[in-house]
Number of protein chains: 2
Amino acid sequence: MAATIRDVASAAGVSASTVSRAFTAPDLVGEETRGRVRDAAQRLGYLPNRQASGLITGRTGNIGLVVPDLANPFYTEILKPLQSRARGADYELVLTDSEEDPELEPVLVRRLAGQVDGLILCSPRMSDEQLADLPAGLPIVTMYREVPGRPCVLVDYADGMEQVVRHLVALGHRRIAYVAGPRGSRAGALRREGLQAAIGRSDAELVEIGHHPPHFDGGGAAADPVLASGATAVIAFNDLVALGLLAMFTQRGVRVPAELSVVGCDDVAITAMAGVPLTTVSVPFARAVRNAVDLLLATIAGNDAAPRPTRLPTHLVARGSTGPAPR
Amino acid sequence: MAATIRDVASAAGVSASTVSRAFTAPDLVGEETRGRVRDAAQRLGYLPNRQASGLITGRTGNIGLVVPDLANPFYTEILKPLQSRARGADYELVLTDSEEDPELEPVLVRRLAGQVDGLILCSPRMSDEQLADLPAGLPIVTMYREVPGRPCVLVDYADGMEQVVRHLVALGHRRIAYVAGPRGSRAGALRREGLQAAIGRSDAELVEIGHHPPHFDGGGAAADPVLASGATAVIAFNDLVALGLLAMFTQRGVRVPAELSVVGCDDVAITAMAGVPLTTVSVPFARAVRNAVDLLLATIAGNDAAPRPTRLPTHLVARGSTGPAPR
DNA sequence: AGTGTTGCTGCAAACGTTCCCACAATGTTT
DNA sequence: AAACATTGTGGGAACGTTTGCAGCAACACT
C-alpha cells in the first residue's frame with residue numbers, strides 16, 4: 001500500500017540504508033544523492049513508518065498527558081499550548097483521563113508507558129508512594145505537584161494567595177472565607193498554607209468552609225455556609241467553585257461585589273466571560289506547559305535536567321467580583 | 001530492558017509463537033499451557049510491544065482526533081466521552097489541533113495517518129475538495145459535517161433553530177437578530193438555513209449581523225450592531241458569542257432578558273454557569289461521540305458501515321436569558 | 001609507491017511481534 | 001487397518017526501519 005523505504009531506494013537508484021540516512025542523518029550522504037532521494041520520496045509520497053523505526057530506536061514519537069478530569073477547564077486549558085509545543089518538536093500528543101481515580105492512575109501510566117517516550121502527569125490526588133512507584137525508566141514530568149527526583153513544574157499558589165489577601169485587606173475586608181477543595185489535593189494544601197500564612201501576617205481572620213468538589217456545583221453547595229459565616233469576602237478553591245458561588249449568590253439576591261467579594265483561582269478562560277468578571281489568581285498556563293514539555297524533552301534526550309522543581313509566579317487579576325467591604 | 005515475548009516463552013517452557021497465541025487467540029492453545037504462559041507473563045511484567053505487533057498487523061491501537069481549536073469549549077466538550085469510549089475499546093486517543101487552518105488540516109491528517117487506525121475529524125472549514133482528497137484507505141468519521149462516502153455524525157441544527165424561533169415568537173418577539181459565525185462554516189450554514197426557514201413560516205423578521213469570529217470577543221464586537229438593529233431578541237452563532245454579547249450588554253446597561261433576549265447554540269458546559277444562565281440549543285455531545293467512535297471502530301473492523309449519516313436531534317434548553325418581548 | 005584519511009555507500013543483522021506452514025499425537029471415520 | 005480430521009505446538013519468514021561494519025574511491029601526505 002504505502003511506499004516503503006525500499007520503494008524509494010529503488011526509485012532513486014540507491015540502497016535502503018542511504019534513503020534512511022538521507023532523512024535521519026543528512027550530512028552522511030552526498031549532496032546529489034540526497035537530492036535524488038528526496039525527490040523520489042516526494043514523488044512516491046513516502047512517509048517513514050514510525051512503528052518500524054521505533055522498533056529499532058526504541059522511540060515512539062508520542063508524549064502522553066494524564067489528567068484527572070478532561071471535563072475540568074483547568075486541565076483542558078493546557079491542551080492547546082501543549083499540543084502546539086509537542087507538534088513543534090515533532091511529537092504527537094496522547095491523552096488520558098484518569099477519572100479522578102488515584103488507583104487508576106498508576107495503571108494508566110503503566111499502560112501508556114510502552115506507547116510514549118515520556119509523559120506529563122497532572123495528578124493532584126495520587127499518594128507519594130504511588131508516585132514514587134512509577135516505572136523509573138519512563139521520563140515523567142509532573143505538573144502542579146512536587147515529586148522527589150523527577151522534574152516538575154510548580155506554581156507559586158502561596159504567593160498568589162498572599163496577593164489576594166493583601167488585595168482584600170486593602171479593600172477593608174477583615175473576615176474572609178475560604179472554600180476548600182477536595183480533601184487530599186496537594187494544590188489545595190499549598191493554597192491553604194499560603195492563605196493561612198498571609199492571614200497570619202494581616203489583621204484579618206479566616207473562616208474555612210468544609211471540603212467541596214472542585215466543580216461549579218461544589219460552589220453552589222458552599223454558598224449558604226459562606227453567607228452564614230458572616231464573611232465579607234470569599235476565596236474559592238478554584239474558578240469553577242467561584243462561579244458556582246457567584247451563581248448561587250445571584251439566586252439568593254446577594255449582590256457581588258457590593259455585599260460580598262468573590263475571588264477564584266487559576267484564571268481559566270471562562271472566568272473573564274462570567275456575568276461578573278471574576279477576580280482571580282492567574283496561573284501562567286502557557287509558560288507552565290512550555291516548561292513542562294521542555295523538561296520532558298530534555299529528560300527524554302537523556303540530559304538529566306536538574307530535577308529541581310521549576311516554580312512559576314502567579315499574579316492576582318483584579319476584575320469585577322471584588323470591591324470595598326460593605327460598611 | 002522490558003521483558004519480551006521470548007523471555008516469557010523460555011520462562012514458560014514454550015515457544016514464542018505459543019505465547020503470542022496465548023494472548024491474541026487463546027482458544028488455539030491448550031488450557032494448561034495457557035495458564036503457564038499467563039503466569040510467566042505476569043511474573044515478568046510482560047506487556048506486548050505495540051510497535052512490533054503493529055508492524056505485522058498494520059494496527060496501531062490509536063485513534064486520532066482532529067479539531068480546529070482546542071481552546072474552544074465546543075471541541076473540548078467531546079474529549080471526555082471520547083477518551084472514555086476509546087479506552088473502553090482499548091484504543092489510545094491522539095489529539096491534534098489544526099489551528100483553524102483549513103490548509104493545515106490535510107497535512108495533519110496525512111501525518112497522523114501512519115500513527116492511527118482511524119480518525120475523527122471536526123473540520124468545519126475544510127473545502128469539499130480537500131475532504132474528498134484525504135487518503136481513501138484511512139477510516140475517517142467526520143463530525144458536524146457531511147462527507148459523501150464517509151460515515152459521519154450530524155446534528156440537526158435546523159430543527160434546533162426552528163425550536164428557538166417558536167420559543168421566541170411565543171414570547172412575543174417579532175424582530176430577531178442573528179449573529180453569524182465565520183464565513184464558510186458548514187454548521188453555520190445549516191443553522192442559518194434552518195433559521196431562515198423557521199422565520200419564513202412565522203410572522204417574525206430576521207436581521208443578520210455580519211460575520212464574527214466564533215469566540216467571546218466576536219460576541220462583544222457584535223453587541224452594538226445588534227442593539228442598533230432594533231431587534232428584541234438575538235440568536236448567536238454559538239454559546240461563546242452569546243456570552244460575549246451578554247457581557248457587552250451588561251456593560252452597556254442593557255438588561256437581559258428584560259430588554260433583550262439572548263440565545264446561544266451548543267450548550268457547552270459553561271453556559272449554565274454564566275451570570276445569566278443562557279437559553280441555548282443543546283447538542284447531545286456524549287451521544288454524538290459515542291456514535292462517532294462506534295462508526296469508526298466498525299469502519300476499522302472493515303464493516304463498511306452504512307455511510308448514511310447519523311443525524312442526532314437537538315433541543316432547546318430555555319434558561320434565564322430569554323423572556324417576553326419588551327413593551 | 002605506500003600508507004593514511006576522508007567521504008560516501010551498500011550489506012546484513014537486528015528490533016519484537018504475528019502468522020503461515022509443518023508436524024506430531026490423538027481421535028474418528030471407513 | 002488404513003485413511004483422514006482435529007488439536008496443540010514449534011520453526012521461521014515476514015513487517016519497515018536503523019545502524020555497525022566493511023568496501024571503495026579519491027585524495028593527501030610522507
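First the proteins, then the strands, lettered A, B, ... as listed; each starts at 1. This structure is a prediction, so every number in the text was calculated from the model and none was measured.
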- Just call it for B:Y46: base, sugar-phosphate, or nothing, with non-hydrogen atoms closer than 4.0 Å on any strand.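 The residue B:Y46 makes sugar-phosphate contact but no base contact.
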
- Message: At 4.0 Å (heavy atoms only), tell me whether A:S20 reaches a base, stays on the sugar-phosphate, or touches nothing.
- Response: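 A:S20: base contact, heavy atoms under 4.0 Å.
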
Check this for me, if you would: do [X] and [Y] make a salt bridge, where the nitrogen-to-carboxylate-oxygen distance has to be below 4.0 angstrom?
X: B:R85; Y: B:D294; result: yes
X: B:R186; Y: B:E146; result: no
X: B:R145; Y: B:D128; result: yes

- B/S/- along nucleotides 22-28 of chain C (protein heavy atoms under 4.0 Å) is -------

- Query: What one-letter contact string describes nucleotides 5-13 of chain D from 5' to 3', where B marks a base within less than 4.0 Å of any protein heavy atom, S marks contact via sugar-phosphate atoms alone, and - marks no contact?
  - Reply: ---SBBBB-

Write down the distance between [atom1] ([X]) and [atom2] ([N]), rounded to a whole number of angstrom.
X: A:L55; N: D:dT19; atom1: CG; atom2: P; answer: 12 Å
X: A:F23; N: D:dT17; atom1: CZ; atom2: P; answer: 10 Å
X: B:I5; N: D:dA14; atom1: CD1; atom2: P; answer: 19 Å
X: A:N49; N: C:dC15; atom1: CG; atom2: C1'; answer: 13 Å

- Sidechain-backbone polar pair: B:D266 side chain, B:V268 backbone, donor-acceptor under 3.5 Å: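 Here the side-chain-to-backbone pair does not exist.
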
Is any side-chain heavy atom of [X] less than 4.5 Å from a side-chain heavy atom of [Y]?
X: B:Q130; Y: B:E105; result: no
X: A:R287; Y: A:P313; result: yes
X: B:H215; Y: B:D69; result: yes

- Query: Run the salt bridge (charged side-chain N to carboxylate O under 4.0 Å, His left out) check on B:D90 and B:R59 step by step: do they pass?
  - Reply: CA-CA 12 Å; B:D90 212 35; B:R59 314 197 29 177; over 6 Å; no

How many angstroms lie between [atom1] in [X] and [atom2] in [Y], if you round to the nearest 0.5 Å?
X: A:I300; Y: A:L295; atom1: CD1; atom2: CG; value: 11.0 Å
X: A:L190; Y: A:Y144; atom1: CG; atom2: OH; value: 13.0 Å
X: A:L296; Y: A:L121; atom1: CG; atom2: CG; value: 11.0 Å

- Message: Let me test you: for the helix from C:dA1-D:dT30 to C:dT30-D:dA1, what is the angle between the axes at its two ends (five pairs each), rounded to 10 degrees?
- Response: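 Roughly 50° between the end axes, to the nearest 10°.
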
